[in-house]
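Let me begin by presenting the structure, written as structure tokens, before commenting on it.
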Amino acid sequence: NAFKNCFNITAISIPGTVKTIGKSAFEGDYNIQTVELAEGITSIGDRAFASSVKIKSVTLPASLTTLGKDVFYGCTALASIDVAEGNPSFSIDNGVLYNGTKLIKYPEGNTSVSYELLPTTTEIEENAFRSNKNLDTVVLNDGLKTIGAFAFCEATGLMTVGPFNTVETIKEYAFSGCGKLNISDLGDSLKTIEKCIFENCPNITDDELPNTVESIDEDAFSRCPSIASITVDEGGENYSSVDGVLYNADKTVKAYEHFDMPLLLAVDKVYAKIRNEKYRYITQQQTLFPEEVQQYDADLVKEVINNCIAI
């Protein structure tokens, strides 16, 4: 936090005698336009330059071995990242930053409309493509295993991502806020789906899951108002589907359900899908026996559901 939110700084030149740039060191310095990082710097901490919205390019020194999370998150003008020749840890592909087989950062200010991952990529880092407004197509490589949390979140121009041939894990909010995105086939290797992966993605109406799926977060498809059906390939050990409704393998528990008209008759069923935790607390000092209450009042929740139906 050494220079965090120092709005008058317009340029940074850090000599090689400095070995470490700490966490959030220049975060929020929104007037910085140029950054010079000398050879000798070995480590840059989490969010070191985050939200420095006027930085257009940066070159990482060959001496750099450690790069924290979200170092350039929110740098909306950043069009390209470069790495000095001889760096053993990091590499560049058309301005896109990699650490070995992991894609670290696709610059938010990159104006390209399409990008194809390197064939050696195994993981897309958390927030890697987040908030890029120009991309409409991302081609995934065979060999990709993990799509990180918020990886494509709020990439509002994104329409096509795939194929998901070897993807095993999609982490939380991976595609949240991608209003133009349309994905129906999640490949044949998927094992783990975390929560809200398609939150606020109105163009996604159907999902086809492979029978390899082992874990689906209970909120995985929440806030997906347009999904009308979810199907699972036959032979799955953990999940199955009947008429577009997602069940566990023995069809005793519905993991996802689409409610048809008349919705007025489904209020109790909708309410049953809402997680309503029970809490215990002691209301008076004269007793050792706690009272048990629900997080949300049932009648109030049902009133809200009825109001939504009325709208």
**Prompt:** Do Leu103 and Val96 touch side chain to side chain, with heavy atoms closer than 4.5 Å?
**Reply:** yes
**Prompt:** If two hydrophobic side chains count as joined below 4.5 Å and joins carry through other members, does Tyr239 share a cluster with Val167?
**Reply:** yes
**Message:** Are Leu190 and Phe164 packed together at the side-chain level, in the sense that at least one heavy-atom pair is separated by less than 4.5 angstrom?
**Reply:** no
**Prompt:** Shared ILVMFWY cluster between Ile170 and Leu117, side chains joined below 4.5 angstrom?
**Reply:** yes
**Message:** Evaluate Lys105 against Glu125 for salt bridge (Lys or Arg N to Asp or Glu O under 4.0 Å), listing each step before the verdict.
**Reply:** CA-CA 7 Å; Lys105 182 64 177 178; Glu125 176 67 276; over 6 Å; no
**Asked** Is the centre of the Tyr106 ring less than 6.0 Å from the centre of the Tyr115 ring?
**Response** yes
**Asked** When you look at NZ of Lys180, are more than 12 heavy atoms from neighbouring residues, nucleotides or ligands closer to it than 6.0 Å?
**Response** no
**Prompt:** Salt bridge check: are Lys171 and Glu194 linked by an N-O gap of less than 4.0 Å?
**Reply:** no
**Message:** For the CD1 atom of Ile21 and the CD1 atom of Ile44, what is their distance to the nearest 0.5 Å?
**Reply:** 4.5 Å
**Asked** Hey, would you say the Tyr30 and Phe7 ring centroids sit under 6.0 Å apart?
**Response** yes
**Asked** Can you list the steps and then say if Asp70 with Phe72 is a side-chain contact (heavy atoms from CB on, under 4.5 Å)?
**Response** CA-CA 5 Å; Asp70 298 332; Phe72 300 107; over 6 Å; no
**Prompt:** If every non-hydrogen atom of Cys75 is compared with every non-hydrogen atom of Ser52, which pair is closest and at what distance?
**Reply:** SG-O, 3.7 Å
**Request:** Output, in order, the C-alpha distance, side-chain angles, deciding distance and verdict of side-chain hydrogen bond (donor to acceptor under 3.5 Å, both in side chains) for Ser43 and Thr66.
**Result:** CA-CA 5 Å; Ser43 175; Thr66 302; 4.7 Å; no
**Request:** Please name the pair of heavy atoms, one in Ile204 and one in Asn182, separated by the smallest distance, quoted to 0.1 Å.
**Result:** CG1-CA, 4.1 Å
**Message:** Quick check for you: to the nearest 0.5 Å, what is the distance between Glu123 atom CD and Lys145 atom NZ?
**Reply:** 12.5 Å
**Message:** If hydrophobic clusters are built from ILVMFWY residues whose side chains come within less than 4.5 Å, do Phe150 and Ile183 share one?
**Reply:** no
**Request:** Evaluate side-chain contact (heavy atoms from CB on, under 4.5 Å) for Ile124 paired with Leu144, printing each intermediate quantity in order.
**Result:** CA-CA 8 Å; Ile124 298 175; Leu144 181 68; 4.0 Å; yes
**Message:** Checking the side chain of Asn87 only, and the main-chain atoms of Pro61 only, is there a donor and an acceptor separated by less than 3.5 Å?
**Reply:** yes
**Message:** Working note: Thr231 + Ser241, criterion side-chain contact (heavy atoms from CB on, under 4.5 Å); need CA distance, chi angles, decisive distance, verdict.
**Reply:** CA-CA 5 Å; Thr231 58; Ser241 62; 4.0 Å; yes
**Request:** Kindly compute the distance separating CG (Leu158) from CG (Leu135), expressed to the nearest 0.5 Å.
**Result:** 6.5 Å
**Item:** Common cluster, Ile81/Ile104, ILVMFWY with side-chain heavy-atom separation under 4.5 Å
**Value:** yes
**Message:** Give me the atom names and distance for the closest heavy-atom approach of Val53 to Ala77.
**Reply:** O-CB, 3.1 Å
**Whether Ser80 side chain and Asn94 backbone form a donor-acceptor pair below 3.5 Å** = no
**Request:** Please round to the nearest 0.5 Å and tell me the distance separating atom CG of Leu118 and atom OG of Ser91.
**Result:** 7.0 Å
**Message:** Test of understanding: clusters of I, L, V, M, F, W, Y form through side-chain heavy atoms closer than 4.5 Å, transitively. Do Phe152 and Phe198 belong to the same one?
**Reply:** yes
**Verdict with reasoning, Lys23 to Asn1, per side-chain hydrogen bond (donor to acceptor under 3.5 Å, both in side chains)** = CA-CA 6 Å; Lys23 180 180 178 180; Asn1 298 320; over 6 Å; no
**Prompt:** Shortest non-hydrogen contact from Ala151 to Ile147?
**Reply:** CB-CG2, 3.8 Å
**Side-chain ion pair, Glu108 and Arg130, N-O less than 4.0 Å** = no
**Asked** So, does Glu214 use its side chain to make a donor-acceptor pair with the main chain of Thr192 at under 3.5 Å?
**Response** no
**Student check: side-chain heavy atoms of Leu209 and Val232 closer than 4.5 Å** = yes
**Request:** Would you check if Thr76 and Leu78 make a side-chain contact, meaning some heavy-atom pair closer than 4.5 Å?
**Result:** no
**Asked** Taking atom SG of Cys178 and atom CD1 of Ile197, what is their separation to the nearest 0.5 Å?
**Response** 11.5 Å
**Request:** Using atom types as modelled and distance alone, determine if a side-chain donor or acceptor of Asn211 lies under 3.5 Å from a backbone N or O of Gly235.
**Result:** no
**Complete:** In short, Gly95 meets Pro107 closest at the heavy-atom pair O-CG, 3.3 Å
**Message:** So, taking the atom named OG1 in Thr156 and the one named NZ in Lys133, what distance separates them when rounded to the nearest 0.5 Å?
**Reply:** 4.0 Å
**Prompt:** When Leu60 is tested against each of Ile92, Val71, Ile41, Leu97 for side-chain contact (heavy atoms from CB on, under 4.5 Å), which residue passes?
**Reply:** Leu97
**Item:** Any Cys196 side-chain heavy atom under 4.5 Å of Ser176 side chain
**Value:** no
**Message:** Is the shortest side-chain heavy-atom distance between Glu27 and Phe49 below 4.5 Å?
**Reply:** no
**Prompt:** With side chains defined as the heavy atoms from C-beta onward, is the minimum distance between Asn134 and Asn110 less than 4.5 Å?
**Reply:** no
**Request:** Apply side-chain contact (heavy atoms from CB on, under 4.5 Å) to the pair Ile14 and Ile12, showing each step before the final yes or no.
**Result:** CA-CA 6 Å; Ile14 301 178; Ile12 299 172; 3.5 Å; yes
**Message:** Measuring only between side-chain heavy atoms, which start at C-beta, is Thr137 closer than 4.5 Å to Val113?
**Reply:** no
**Complete:** In terms of heavy-atom contacts, Ser63 and Ala38 come closest through OG-O, 4.4 Å
**Request:** Determine yes or no for a side-chain-to-main-chain donor-acceptor pair under 3.5 angstrom, with Asp46 supplying the side chain and Lys69 the backbone.
**Result:** yes
**Request:** Using side chain to side chain donor-acceptor pair (under 3.5 Å) as the criterion, point out the one residue from Asp188, Asp142, Asp185, Asn141 that pairs with Asn165.
**Result:** Asp142
**Message:** Checking the side chain of Thr166 only, and the main-chain atoms of Gly143 only, is there a donor and an acceptor separated by less than 3.5 Å?
**Reply:** yes
